[in-house]
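Heads up, the thing below is written out as structure tokens.
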Amino acid sequence: MGRFDGGSNPPYPIIMGTARVRKILKILRRTYPGASWGKRKGRTTDPFQILILTILSAQTTDNAVDRVKERLFSEFPDPASLAAAQIGSIEEIVHSLGFFRAKARHIREAASMLQERFRGEVPSRMEELLQLPGVGRKTANIVLHHAFGRCEGIAVDTHVKRLAGRIGLSDSSSQSGIERDLMKLVPRRLWGDITDLLIAHGRRICTARQPRCPECPIAHLCRYYLDASDKVRSEE
DNA sequence: ATCCCGAGGG
DNA sequence: CCCTCTGGAT
């Protein structure tokens with residue numbers, strides 16, 4: 001008997017069923033009530049700030065980004081001032097985030113492109129967002145959701161990638177494959193929240209190195225945990 | 001596949 | 001010391 005919905009033959013279906021995914025999402029939403037962007041307090045609603053902060057967040061903790069944003073936007077509050085800034089003064093502010101040269105260049109050029117190509121406004125279409133330097137599919141999905149409340153896809157970051165693999169939501173190793181699997185599994189109205197929920201869970205419980213499965217509220221639905229406990233059982 | 005890059009955790 | 005953190009461009 002298969003362990004997953006509709007299961008049976010091969011040991012593990014490629015992807016688990018939607019029923020189990022809904023259970024997981026329900027538990028995560030109850031566990032992390034403040035995780036969704038829409039419910040977060042003190043969040044920026046300015047699309048320009050959301051864009052810049054999301055570009056800067058690559059390979060960095062959000063905590064680190066929080067520490068530089070006040071100074072950054074106090075000196076460069078809009079596309080015009082950022083586009084005109086000295087590259088060195090931007091580098092100095094974002095230095096602690098890592099990749100500081102690339103990030104400084106990206107946000108200045110992005111600001112410049114907003115001015116020249118998009119009338120100083122952050123575009124609200126995927127195709128246009130992807131034209132901005134430093135903006136890939138993940139960043140575009142986040143900006144679309146957080147700034148405009150729209151979801152054309154699901155943002156796959158390092159947490160989403162790790163958890164999707166562990167839980168058994170996707171067996172793909174590429175972000176596009178994972179996004180495609182998640183889009184099939186997750187109801188569209190939750191496409192925006194799923195990323196925030198998996199990130200929250202990835203930070204607190206399902207960490208990269210030593211996942212705290214004993215504290216995990218979805219362990220009984222997780223392939224990684226179930227496989228591990230199978231192994232332990234068979235060794236006893 | 002590799003580079004960009006710094007800070008914090010274990 | 002090594003790994004990881006809301007990736008993207010080449």
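Chain letters run A, B, ... following the sequence lines, proteins first and then strands; every chain starts at 1.
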message: For the P atoms, the ones on C:dG8 and on B:dA7, what distance do you get once it is rounded to whole angstrom?
response: 22 Å
field: Under 3.5 Å donor-acceptor, A:Arg162 side chain and A:Asp157 backbone
entry: no
task: Find the distance A:Leu198:CG to C:dC5:P and express it as a whole number of Å.
output: 13 Å
- prompt: Do A:Ile199 and A:His159 come close enough that some side-chain heavy atom pair is under 4.5 Å?
  reply: yes
- request: Would you mind reading off the distance between A:Glu179 atom CD and C:dG7 atom P, rounded to a whole angstrom?
  value: 15 Å
field: Under 3.5 Å: donor-acceptor pair, side chain of A:Arg71, backbone of A:Ile93
entry: no
message: What contact category does A:Val135 fall into here, base, sugar-phosphate, or nothing, at under 4.0 angstrom with non-hydrogen atoms?
response: sugar-phosphate
- prompt: Judged by atom type as modelled, is there a donor-acceptor pair below 3.5 Å linking the side chain of A:Ser112 to the main-chain atoms of A:Ala110?
  reply: no
task: Write down the distance between CD1 (A:Ile199) and P (C:dC5), rounded to a whole number of angstrom.
output: 11 Å
message: So does A:Ser174 get a backbone contact from the side chain of A:Ser172, meaning a donor-acceptor N/O pair under 3.5 Å?
response: yes
query: Would you call A:Glu127-A:Arg125 a salt bridge at under 4.0 Å N-O?
result: yes
statement: A:Lys161 atom NZ is separated from C:dG8 atom C1', nearest whole Å, by 13 Å
message: Using heavy-atom distances to pick each residue's nearest nucleotide on DNA chain C, tell me which of A:Leu132 and A:Thr60 is more 5'.
response: A:Thr60
message: Going 5' to 3' along DNA chain B, which are the first and last nucleotides with any atom under 4.0 Å from a heavy atom of chain A?
response: B:dC4 to B:dG10
message: Expressed as a whole number of angstroms, how long is the span from A:Ile154:CD1 to C:dG7:C1'?
response: 18 Å
field: Point-to-point distance, once rounded to the nearest 0.5 Å, from OG1 of A:Thr139 to CG of A:Leu56
entry: 10.0 Å
query: Is the shortest distance from a Lys or Arg side-chain nitrogen in A:Asp171 or A:Arg223 to a carboxylate oxygen in the other one below 4.0 Å?
result: yes
- request: Step by step, work out the side-chain contact (heavy atoms from CB on, under 4.5 Å) result for A:Ser96 and A:Val68.
  value: CA-CA 8 Å; A:Ser96 62; A:Val68 307; 3.8 Å; yes
field: Sugar-phosphate only, base, or nothing, as touched by A:Thr195 at under 4.0 Å among non-hydrogen atoms
entry: nothing
- line: So, with a heavy-atom separation below 4.0 Å from DNA chain B, the residues of residues 97-118 of chain A are A:Gly98, A:Phe99, A:Phe100, A:Arg101, A:Ala102
query: If only atom types and distance count, is the side chain of A:Ser81 paired as donor or acceptor with the main-chain N or O of A:Asp78 below 3.5 Å?
result: yes
field: Phosphate OP1/OP2 of C:dG7: any A:Gln59 side-chain N/O under 4.0 Å
entry: yes
- prompt: Just how far, in rounded Å, is C1' of C:dC5 from NZ of A:Lys138?
  reply: 11 Å
message: Distance check needed: C:dG7 C1' versus A:Ile55 CD1, whole Å only.
response: 11 Å
- request: Return the value, rounded to whole Å, for the distance between atom CG of A:Leu53 and atom C1' of C:dG7.
  value: 16 Å
message: Within residues 207-216 of chain A, which residues have any heavy atom lying less than 4.0 Å from an atom of DNA chain B?
response: A:Arg209, A:Gln210
Single-linkage hydrophobic cluster A:Leu221~A:Leu198, side-chain heavy atoms < 4.5 angstrom: yes
- request: Begin from the C-alpha positions of A:Glu179 and A:Ile154 and carry the test side-chain contact (heavy atoms from CB on, under 4.5 Å) through to its verdict.
  value: CA-CA 6 Å; A:Glu179 181 177 4; A:Ile154 295 174; 4.3 Å; yes
